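Just so it is clear, the values below take in all heavy atoms, side chains as well, and ignore hydrogens, waters and symmetry mates. Remember, it's a predicted structure, so these values are computed and weren't measured experimentally.
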Amino acid sequence: MPTQHVVAMLGNSPPQRAVGVLLSMPRDRIDALLAAMDGRLIAKLLIAADPEKRAALLSHLDDARLAAELALLPLVEAAAVMAALPAARARPQLDRVTSEHLAMLLDAMPGPQRRRLVDVLDPLRLSDLRRVAYEKRVIESLRRTAAGLQWVPGDYGSNLLAGVFHRLFGVSLCYVDCGPLQPAAVVAAHEVFAAQQVHGLLIVTNAMPSVQAGELVTDPRYGGTPALVVTWDPDDNDGVLGRALVRLAG
């Protein structure tokens, strides 16, 4: 039977049965059929398979092919496949995606699967995930203050332009995983917005600023633009950030 016909037959069969039929074929035939399948059918088979058959199916898919198929799937389906993968196969896939995308994938998984995958992540990725989660909460809070937000064009940091009271403000999100906010973060925030012609700069951080960082916030070398640093925790209410923007607006 031609390959495309077999693929169509497998796609129309109950997934668990399709996995069994596929894996009963010679290895070269399995490889040819997988090569002809789209990612959604492969995902359906991986999710439906029991652990033993899933491992056998994965032996026919190298990490690059698996990553290519996952990238084409809707978020919820990609998360379901990730959740079903053995940790040894999941980690290379997790390492390939940005922290922002990884956070969305993990959020779309049931708790037990999410915890299992978090356990295999590199500590640096975990720190970056905490940063992403913090920034998400800050942005949600700012939006509830009716601030119109956009990322700074051409900037790869965590810096936003906020439209409030018909004025434009810079907002720099400075998550700190451990210790106080350092002067380098304040300098970087000032430099990002130096050419943006903002009416004020708000630095939002989860940490207390060091003495040097606190002094740099209003350093006259940065053109006299009004600036504030606010230590904000996700448990704080929206008023903390709203009042800070009002203070900058004068």
Side-chain angles (χ1 to χ4, degrees), residues 75 98-109 111 114-115 118 121 123-153 155-194 196 198-219 222 224-250:
L75 177 67
T98 65
S99 293
E100 287 74 15
H101 191 202
L102 177 55
M104 290 190 290
L105 283 170
L106 292 172
D107 282 347
M109 294 178 192
R114 179 169 58 249
R115 288 189 290 273
V118 165
L121 287 174
L124 290 177
R125 291 307 299 278
L126 290 174
S127 172
D128 215 28
L129 283 176
R130 289 190 287 270
R131 174 189 62 79
V132 170
Y134 178 77
E135 291 177 357
K136 179 182 177 184
R137 298 289 294 276
V138 174
I139 290 169
E140 289 171 349
S141 179
L142 284 169
R143 284 184 173 143
R144 288 192 294 269
T145 69
L149 302 175
Q150 68 176 65
W151 294 105
V152 173
D155 175 66
Y156 296 99
S158 299
N159 300 294
L160 300 155
L161 293 168
V164 185
F165 306 125
H166 306 291
R167 296 183 183 181
L168 192 65
F169 298 91
V171 180
S172 187
L173 310 181
C174 297
Y175 175 80
V176 179
D177 206 46
C178 182
L181 180 72
Q182 296 299 318
V186 177
V187 172
H190 275 295
E191 289 177 348
V192 164
F193 292 103
Q196 296 294 330
V198 294
H199 292 92
L201 169 60
L202 178 63
I203 299 171
V204 183
T205 179
N206 61 309
M208 295 300 296
S210 67
V211 173
Q212 298 91 334
E215 292 171 349
L216 279 173
V217 171
T218 55
D219 193 306
Y222 296 111
T225 300
L228 287 173
V229 60
V230 173
T231 300
W232 187 85
D233 185 90
D235 291 331
D236 292 339
N237 61 42
D238 302 334
V240 174
L241 299 180
R243 287 190 293 273
L245 289 170
V246 169
R247 285 175 62 192
L248 283 175

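In terms of modelled atom types and a separation under 3.5 Å, the side chain of Arg167 and the main chain of Ala249 share a donor-acceptor contact. At distances below 3.5 Å, at least one donor-acceptor pair connects side-chain atoms of Thr205 with backbone N or O atoms of Cys174. Here the side chain of His199 pairs no donor or acceptor atom with the backbone of Phe169 at under 3.5 angstrom.
Atom CE of Met208 sits about 4.5 Å away from atom OG1 of Thr231, to the nearest 0.5 Å. In this structure, CG on Asn237 lies 9.5 Å from CZ on Arg144, to the nearest 0.5 angstrom. For the atom pair CZ (Arg137) and CG (Leu173), the distance works out to 14.0 Å, reported to the nearest 0.5 Å. How far CZ of Arg130 is from OH of Tyr175: 5.0 Å, rounded to the nearest 0.5 Å. The distance from atom OG1 of Thr145 to atom CZ of Arg243, rounded to the nearest 0.5 Å, is 11.5 Å. For the atom pair Ser158 OG and Ile139 CD1, the distance stands at 8.0 Å (nearest 0.5 Å).
Looking at Leu216 and Pro209, their side chains never come closer than 4.5 Å, going by heavy atoms from C-beta outward. Contact check for Val152 versus Phe193: side-chain heavy atoms found under the 4.5 Å cut-off. Taking 4.5 Å as the limit, some side-chain heavy atom of Leu142 sits within range of a side-chain heavy atom of Leu149. Side chains of Val192 and Leu201 form no contact here, defined as non-hydrogen atoms less than 4.5 Å apart.
Pairing each heavy atom of Ser99 with each of Leu129, the nearest pair is O-CD2, 3.7 Å. Nearest heavy-atom pair, Trp151 versus Leu160, reported as atom, atom and distance to 0.1 Å: CE3-CD2, 3.4 Å. Residues Asp107 and Lys136 come closest through the heavy atom pair OD2-NZ, 3.8 Å. Across all their heavy atoms, Asn206 and Tyr134 have their closest contact at N-OH, 3.2 Å. Closest approach of Leu202 and Ala244 over heavy atoms only: CD1-CB, 3.7 Å. In terms of heavy-atom proximity, Leu181 sits nearest to Ile203 at CD2-CG2, 4.3 Å.
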### Message
The test is side-chain contact (heavy atoms from CB on, under 4.5 Å); show your working for His101 and Leu75 and say whether it passes.
### Response
CA-CA 9 Å; His101 191 202; Leu75 177 67; 4.0 Å; yes
#### Entry: Candidate pair Leu102 and Leu121, rule side-chain contact (heavy atoms from CB on, under 4.5 Å), full reasoning
CA-CA 11 Å; Leu102 177 55; Leu121 287 174; 4.2 Å; yes
### Derivation and outcome, side-chain contact (heavy atoms from CB on, under 4.5 Å), residues Leu228 and Val217
CA-CA 7 Å; Leu228 287 173; Val217 171; 5.5 Å; no
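Around atom CZ of Arg247, no more than 12 heavy atoms belonging to other residues, nucleotides or ligands sit under 6.0 Å away.
A salt bridge links Asp128 with Arg131: at least one charged nitrogen is closer than 4.0 Å to a carboxylate oxygen.
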